[in-house]
Amino acid sequence: MWAASNTQPRGYIYYHLKDATEEDVTISISTPEGEELGEIDGTGNAGLNHVTWVPRRRQNISAGTYVITLKYGDTEEKTSNEVEEVFGD
């Protein structure tokens, strides 16, 4: 088997909205300490939606827990996501 490091790291974030919204939808990614690593504009469609997060250049995203926050209108939902190291050195 051949393996290589991921030179284009990214994360796929899926979220469900019961009803469509005309409000701006944003998804932010941060450390548990509150350091924001990125913010993405999402769609306000009813049902399953998704965004792709590509870390900014020079951002070292290592294994650990990250906080994902979904905001639209007066609604703010948070969840955590665990990033795991797949291959060792």
Side-chain angles (χ1 to χ4, degrees):
M1 177 165 83
W2 180 81
S5 62
N6 186 355
T7 61
Q8 299 177 352
R10 63 192 65 233
Y12 302 102
I13 301 168
Y14 291 84
Y15 60 96
H16 182 270
L17 299 178
K18 181 178 178 183
D19 299 307
T21 182
E22 296 294 322
E23 302 282 350
D24 290 337
V25 176
T26 59
I27 297 91
S28 61
I29 300 91
S30 60
T31 65
E33 294 76 29
E35 177 189 355
E36 188 172 291
L37 302 173
E39 185 173 278
I40 308 162
D41 293 330
T43 56
N45 301 323
L48 188 62
N49 297 268
H50 79 277
V51 295
T52 302
W53 174 48
V54 179
R56 290 181 289 241
R57 204 174 198 131
R58 296 187 193 96
Q59 262 184 333
N60 184 16
I61 305 302
S62 56
T65 302
Y66 294 88
V67 178
I68 312 297
T69 305
L70 170 69
K71 297 179 193 173
Y72 61 97
D74 293 332
T75 302
E76 180 175 298
E77 301 289 337
K78 292 186 178 197
T79 190
S80 61
N81 186 50
E82 195 72 28
V83 174
E84 298 177 349
E85 187 70 42
V86 178
F87 297 103
D89 291 335

> According to the side chain to side chain donor-acceptor pair (under 3.5 Å) rule, which pairs have a member within residues 19-39, sequence neighbours left out?
Replying inline: Thr31-Glu33
> In terms of hydrophobic clusters joined by side-chain contacts under 4.5 Å, are Tyr12 and Val54 together?
Replying inline: no
> Who pairs with Thr65 by side-chain contact (heavy atoms from CB on, under 4.5 Å), at least two apart in sequence or on another chain?
Replying inline: Pro32, Ser80, Glu82
> Do Ile40 and Tyr72 belong to the same hydrophobic cluster, where Ile, Leu, Val, Met, Phe, Trp and Tyr are linked whenever their side-chain heavy atoms lie under 4.5 Å apart, directly or via other members?
Replying inline: yes
> Nearest heavy-atom pair of Ala46 and Ala20: which atoms, and what distance?
Replying inline: CB-N, 3.5 Å
> Can you pull the ring pair (Phe, Tyr, Trp, His ring centres under 6.0 Å) pairs that have at least one residue in residues 19-50, sequence neighbours excluded?
Replying inline: Tyr14-His50
> Are any of the side-chain heavy atoms of Glu77 and Thr75 separated by less than 4.5 Å?
Replying inline: yes
> Between Trp53 and Ile13, which heavy-atom pair has the shortest distance, and what is it?
Replying inline: CB-CD1, 4.4 Å
>> Can you give me the closest heavy-atom contact between Ile68 and Ile29, atom names plus distance?
In response: CD1-CG1, 3.8 Å
> What's the spacing between Leu70 CG and Ile27 CD1 if we round to 0.5 Å?
Replying inline: 5.5 Å
> Closest approach of Val25 and Thr43, non-hydrogen atoms and distance?
Replying inline: CG2-O, 3.8 Å
